[in-house]
Structures are given as C-alpha cells and as structure tokens.
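Single-structure report; data block below.
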Amino acid sequence: MSSAQGDEGGSVSTRLGRILLVDDQAQNRDMLGRRLERRGYDVVLRETAVGIEEAIAELNIELVLLDWMMPERSGLDALHGIRKQYDAEHVPVIVVTALDDGDIVSKALEGGANDYITKPIDLRVLTARVKAQLDRRQAVLELDAIRDSLEKTVQQRTQDLVSANETLSAEISEREAAEARAQSLARHDPLTGLANRRHFLEELDRRIALVGPEENAFALMFVDLDRFKPINDVHGHAIGDQLLQVIGTRLTSCIRDDSFAARLGGDEFAVLLEGPGGREAVAAAARRILHELSAPILVNGLKLTVGASIGVALCPEDGRDAADLLQRGDAAMLRAKEDRGAYKFFDSSIDEELKSKAALEAELRSAIPNGDIVPYFQPVVRCDTGELDGFEVLARWPHRERGMISPVHFIPVAEDAGLVDAMFWALLAQACRKALDAPGEFMLAVNISPSQVRDQWFPEKVLRTLRETGFPAQRLEIEVTESAMIGDVARAKSSLMSLKNQGVRIALDDFGTGYSSLFLLRELPIDKLKIDRSFVARITTDRENATIVGALIGLGKALGLKVTAEGVEDEATSEALREMGCQLAQGFLYGAAGALPEYSSESLRAAV
C-alpha cells in the first residue's frame with residue numbers, strides 16, 4: 001500500500017512515517033491500512049507476525065501496529081522477538097487487542113510495548129497515539145544525531161579550546177535538553193502526563209532504599225476506577241481518554257508536592273504518599289482522593305461519574321520489598337472493590353486470604369487437568385407438563401481432603417489466575433460424555449465467559465470438542481450474558497452465528513440484570529431468554545417483580561424466543577410462571593444439581 005489521500009480528499013505531500021501493520025484478519029488489516037494512508041502514513045501490511053524482525057530492517061519500518069491474538073505467532077511472542085533486536089525508542093510498538101484486560105495490557109507493556117489500543121479502534125485515538133510515538137522516535141533520532149555531531153565537533157576543535165568553548169557549551173545544553181525530552185517521554189504516560197509504570201517502579205525502589213527504622217515512612221496507594229470500563233465501552237475511547245486526563249489532574253491536586261502519582265495502565269493509578277504521619281493521616285488522604293474522584297466530570301457535554309476504590313500498604317510496616325508492597329497494596333485494593341468507593345488498609349486477614357488463594361490456585365492448576373473439577377447437572381423442566389427439557393452444567397470440586405469446595409470460592413480464583421478457559425473445555429468434554437451415557441435426547445446448557453465470546457477461535461474449539469466426544473451440536477446450548485458482549489457486538493455476533501449455523505442453540509443469560517438491550521436481541525442469533533433468579537424469586541410477593549417477569553415472558557414470546565425462569569424454589573412460584581405462559585424453569589423445586597444427568601419421576605410429580 002502507499003500514501004495517497006487525506007480524510008477530506010486533499011493530497012498528502014509530506015510522508016508522516018512508515019508503519020508495519022500486522023493483523024491476521026484481512027478485513028481489519030485492509031480497512032485500517034487505507035485509513036492510515038489517507039492520514040498521510042506509508043503503510044506496509046502483513047497477515048502474520050512470522051519473520052517480522054527481518055521485515056522491519058528490510059522495509060525501514062518506523063513503527064509497528066501489532067495485533068495481540070494471531071494464530072501462527074502470537075503478538076506476545078512477536079513482541080519479544082522485536083525487542084531482542086530493536087529497542088523501544090527506535091522501533092515503537094503499539095499493541096492492538098480486542099480485550100481491555102489488565103493482564104494482557106500488563107504483559108504487553110512489560111514485554112516492551114510502547115502503548116496499546118483496544119478494538120473497535122477509534123481512528124482519532126489511534127492516530128494521536130501513532131503520532132505521539134513517531135514524535136518520540138524522531139526526538140530520539142535527533143538526539144542520536146546531536147550526539148554524533150557533538151563528538152565530531154569536539155574532535156575537530158580540540159586545538160582551539162578557547163574559541164570552541166562557547167559553541168561547545170551551547171551544544172551541551174542542547175544535548176541535555178534533548179535527553180531530558182527523551183527521558184520525559186520514556187518515563188511518563190503520554191495521555192495524562194503522570195509518571196508511567198516504569199518511572200513509578202523506579203521511584204518506589206528509590207524511596208524504599210531511603211527508609212530508615214522509623215514507622216510508616218511512606219504509604220503506597222493503589223487507586224482503581226470503579227465505573228470506567230462501562231463508560232469507555234458505551235461512549236468510546238475518545239471520551240474515555242479525556243476522562244482519564246481529568247482523573248490524572250484531580251489525583252495530582254489531592255497530594256502534596258513531595259508525594260508521587262502515576263498511571264500504571266488502563267484505569268489503574270498509584271500514589272506514593274511521603275511521610276503520612278500515621279494511619280489516620282493516610283485515611284484522610286484516601287478520603288480526599290475518593291471525594292475528588294467521585295465528583296461528576298463533564299466531558300463533551302456528558303456528565304460522567306466514575307468513582308474509585310483504594311488499597312493501602314504502609315512501608316515499612318507491610319514490607320520493605322517492592323514486590324511485597326505492590327502485592328499487598330493490590331490485595332487491599334481488591335478488598336476495597338468489594339464495597340466500591342472505599343479504601344482499605346492491608347492487614348493480616350488479607351494476608352491470610354492471599355495465602356489461601358495462592359494455595360487454592362496451586363491446587364486448581366493440577367485439579368483441572370486431572371479431571372477433579374467435575375460437571376454437575378441442574379434440571380430444566382417444561383412448566384406446562386413438568387417434563388424434563390435438559391440440564392444446565394455447573395462446575396463442582398469434590399476435593400479429596402476438604403470435601404466439596406463451593407464454586408463461590410474457586411471460580412473467582414480461576415478467573416484471576418486465567419484458568420477459566422482450561423476449566424471450561426475440561427468440563428464441556430466431561431459433561432458431553434456423561435450426557436451421552438444417560439437415556440434421552442435432552443439439551444445440555446453451558447455458560448461461557450466474556451473472554452471466550454471475544455475469542456475468534458471459540459466456535460472451532462466448541463465444534464472440535466463435540467466431534468471428539470460425539471455429542472450432537474443440536475443438543476448443546478451456549479449461555480452468554482449481555483455484559484460479556486458489550487464493547488464488541490460484531491465479534492460476538494460472528495462467533496455465535498458460526499455456532500448456530502452448526503445447530504448449537506444460544507441463550508441470553510441473566511436477562512434483566514444488565515443492559516436488557518433490545519438491540520442485542522435484534523442483532524444476535526438468540527434462541528432463548530433466561531430470566532434472572534433475583535426477579536423470579538419474589539413474583540408471588542412483589543407485584544412489581546411479577547410485572548417485570550410477565551413483561552419479559554411476553555417479550556420472549558413476541559420475538560419467538562423460548563423463556564427460562566431461574567431460581568424456582570416453591571410450587572407457588574411454579575404455578576405463577578405457568579399462568580404467565582413461561583415455557584421452562586429451573587431451581588431447587590425440581591432438584592439440586594447432581595453428579596449425573598438424572599431426573600426422577602418423583603421429582604417430576606412434586607414439581608407439577
């Protein structure tokens with residue numbers, strides 16, 4: 001590809017930079033390449049990251065736009081390969097990812113990425129970030145040139161030191177200014193102007209080294225925004241970036257000059273509070289920050305409210321090592337997130353919780369491949385006849401020593417450790433085999449996570465599991481929540497449609513608790529709505545809840561969708577649902593989840 005036209009059709013006479021765009025999706029690659037060319041960039045397209053290191057040198061690449069998830073070679077592996085040969089100052093890399101996930105962003109930045117951007121891509125944001133990185137690269141090149149020029153000048157003018165002194169002084173000043181600019185770009189977040197993660201870690205190490213025997217020399221605060229992601233998803237990255245800039249300004253205004261604020265990435269910030277003067281002084285500072293960040297923010301005519309949660313670790317009370325302080329501050333922040341808009345100090349209970357979580361995670365890593373996490377089957381029945389329609393698959397862990405471990409305890413650990421995907425495939429295979437061994441042609445419903453919705457290979461993985469187990473696609477139902485699809489409806493639609501075309505049914509889970517978007521019902525290939533138990537449980541005692549459930553059942557009927565009510569625990573609720581015309585129901589009235597897909601005739605008679 002070559003540069004030709006700008007956005008308004010005018011010719012571009014100045015080449016702005018040569019970009020290597022790596023994306024395995026042809027449509028994304030070609031569309032983004034054309035748009036960047038119209039902005040004046042020279043764009044080279046590649047569908048794979050294989051051999052990218054050689055291509056950078058051969059094609060004189062100045063910046064790399066690297067897709068994170070690619071089949072032949074992952075973005076992370078390619079990033080490591082690039083950084084072995086090229087430093088971040090001379091070949092900047094911007095990672096493109098479909099997930100605004102803290103783990104992925106952290107891995108990308110730690111692996112040497114200069115910046116990142118999430119899909120769907122806002123071209124204005126991308127152009128601004130590309131320009132910032134190319135400007136920084138140009139500053140580095142100018143600095144290199146200044147260094148070379150200075151060395152030559154010194155050699156040429158050694159014999160005339162007096163006359164060269166004035167010129168040399170000016171050039172040294174110029175060099176120092178250029179180095180200062182380059183250092184500032186390398187150590188600060190280009191969006192907010194705050195210190196970046198690298199600078200923050202350096203400052204943390206410096207302050208730890210200065211700590212003497214005194215108590216509470218400084219406090220480390222992890223500040224995590226509470227409602228940034230939904231705002232970013234709904235209003236777009238341009239609004240999100242402006243919001244982060246205001247947050248950075250407010251955070252700086254809350255602390256003293258001898259304290260230190262940084263943006264660690266995404267919606268995570270950190271503060272080093274110097275000489276806090278005891279827990280109460282730290283608590284006062286935390287309350288001040290929470291107050292400032294909870295105040296409404298006006299962006300482009302939108303009145304937005306974000307809020308934050310803060311975790312606090314004290315040095316040296318909670319540790320003299322950077323890794324310990326970071327881990328404990330983060331753990332305290334996660335505890336604060338449970339209450340939202342709160343702050344929490346690290347304490348021994350959190351420490352015990354961390355140790356317990358680490359032990360559980362270690363056991364999970366062996367339990368999943370060993371098949372110790374097993375499927376349990378909760379019956380789903382037809383409201384009018386009480387006959388069995390199918391089962392929902394639930395994860396259970398019958399531990400050999402501890403007994404049955406509740407999913408409330410091990411599922412969050414699996415999510416934090418990135419083990420949910422591996423657990424899902426192990427459970428799906430087990431459930432399919434057990435269902436085939438049971439009599440009847442009942443449906444089997446499984447829940448999927450947001451990351452799986454956005455995985456372009458998810459449909460193929462499902463179909464491969466069905467082929468390996470011999471389970472019919474027509475008997476499988478995939479349950480997905482509304483919130484899992486917000487932000488990338490197009491990708492979700494593509495994945496779900498691929499599955500539906502093979503006979504798999506799609507259910508929208510927990511309908512009524514999220515966005516309850518009619519747009520999703522129209523755009524996505526939905527076969528069924530599942531009404532959340534929080535509405536169903538009170539339909540016999542709460543007229544408003546009954547009205548809502550009745551409306552949702554009517555909506556499903558009008559759209560030709562089946563409707564399942566969750567959380568049915570008594571005959572009165574079951575009768576009310578039958579009168580409303582609800583087709584399917586599940587809950588303890590029909591039996592608890594069991595290790596085998598079985599449903600006795602006694603349970604059937606009791607439910608009707």
Side-chain angles (χ1 to χ4, degrees), residues 102 189 192-197 199-228 244 246-295 305-355:
D189 172 42
T192 62
L194 297 177
N196 58 17
R197 178 181 290 272
H199 192 182
F200 172 77
L201 295 177
E202 292 173 349
E203 182 65 16
L204 177 59
D205 286 335
R206 186 188 72 81
R207 296 196 181 206
I208 289 174
L210 297 175
V211 172
E214 67 270 21
E215 188 175 345
N216 298 338
F218 69 86
L220 184 154
M221 291 183 176
F222 268 99
V223 183
D224 190 85
L225 304 185
D226 286 337
R227 289 175 291 275
F228 176 75
L244 290 173
V246 176
I247 292 294
T249 300
R250 288 189 177 183
L251 186 61
T252 304
S253 70
C254 292
I255 60 177
R256 301 183 326 210
D257 291 341
D258 59 354
S259 295
F260 188 86
R263 181 188 175 209
L264 303 184
D267 59 354
E268 293 183 349
F269 296 80
V271 173
L272 297 176
L273 199 65
E274 190 68 27
R279 283 177 174 257
E280 184 50 44
V282 177
R287 289 192 294 268
R288 186 166 60 250
I289 292 173
L290 291 176
H291 176 74
E292 283 296 319
L293 299 190
S294 65
T305 303
V306 183
S309 299
I310 299 177
V312 183
L314 301 176
C315 180
E317 179 180 329
D318 295 324
R320 289 177 173 268
D321 177 80
D324 288 341
L325 288 171
L326 291 168
Q327 181 191 40
R328 290 167 181 176
D330 188 55
M333 183 271 293
L334 293 176
R335 178 70 66 84
K337 292 287 278 188
E338 295 175 3
D339 298 328
R340 295 259 183 175
Y343 66 91
K344 297 290 181 183
F345 285 91
F346 180 82
D347 59 32
S348 58
S349 67
I350 297 178
D351 193 33
E352 290 301 317
E353 185 178 309
L354 282 175
K355 293 176 181 177

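Everything numeric here is computed off the predicted structure, so don't read it as measured data.
A donor-acceptor pair is defined here as one N or O able to donate and one able to accept, closer than 3.5 Å; such a pair exists between the side chain of R256 and the backbone of E274. Side-chain N or O atoms of R263 include none that pairs as donor or acceptor with a backbone N or O of E268 at under 3.5 Å. Side chain of R250 to backbone of A295: a donor-acceptor contact under 3.5 angstrom is found.
E292 is not listed as a side-chain neighbour of L251, based on a closest heavy-atom distance of 4.5 Å or more. Put simply, the side chain of R227 reaches to within 4.5 Å of the side chain of T305, judged on heavy atoms. When side chains are defined from C-beta on, F260 counts as touching H199, because their heavy atoms get closer than 4.5 Å. At a threshold of 4.5 Å between non-hydrogen side-chain atoms, the residues M221 and V282 count as touching. The shortest distance between side-chain heavy atoms of L244 and F228 falls below 4.5 Å.
The line from CZ of R328 to CG of D347 is 11.5 Å long, rounded to the nearest 0.5 Å. From K337, atom NZ reaches atom OG of S309 across 4.5 Å, with rounding to the nearest 0.5 Å. In this structure, CD1 on I247 lies 11.5 Å from CD1 on I289, to the nearest 0.5 angstrom. Once rounded to the nearest 0.5 Å, the distance linking CG of L325 with CG of D318 reads 7.0 Å. Separating the CZ atom in R288 from the CD1 atom in I255 is a distance of 9.5 Å, to the nearest 0.5 Å. With values rounded to the nearest 0.5 angstrom, L194 atom CG is found 10.0 Å from L264 atom CG.
Here the closest non-hydrogen pair linking I350 and A331 is CG2-CB, 3.6 Å. When all heavy atoms of A262 and N196 are compared, the closest pair comes out as CB-O, 4.2 Å. Nearest heavy atom pair, residue A217 against residue P316, reads N-CD, 3.8 Å. The shortest heavy-atom contact between L220 and G329 is CD2-CA, 4.5 Å. Scanning both residues, L273 and A285, for their nearest heavy atoms gives CD2-CB, 3.6 Å. When all heavy atoms of C315 and I208 are compared, the closest pair comes out as SG-CG1, 4.5 Å.
Shown are L210, L204, L314, V271; of these, the side-chain contact (heavy atoms from CB on, under 4.5 Å) with F218 is made only by L204. Just one residue in the list L293, D224, L225, I310 forms a side-chain contact (heavy atoms from CB on, under 4.5 Å) with F269, and that residue is L225.
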Is there a salt bridge (charged side-chain N to carboxylate O under 4.0 Å, His left out) between E202 and R207? Walk through the geometry before answering. CA-CA 9 Å; E202 292 173 349; R207 296 196 181 206; over 6 Å; no

Quick one, L326 with F200, criterion side-chain contact (heavy atoms from CB on, under 4.5 Å). Give me CA distance, side-chain angles, the key distance, then yes/no. CA-CA 11 Å; L326 291 168; F200 172 77; 3.9 Å; yes

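Residue-environment remark: CG (D258) exceeds the threshold of 12 foreign heavy atoms within 6.0 Å.
A salt bridge links K344 with D339; the closest basic N to acidic carboxylate O contact falls under 4.0 Å.
Judged by the 6.0 Å distance and 45° axis criteria, R287 is not positioned over the aromatic ring of Y343.
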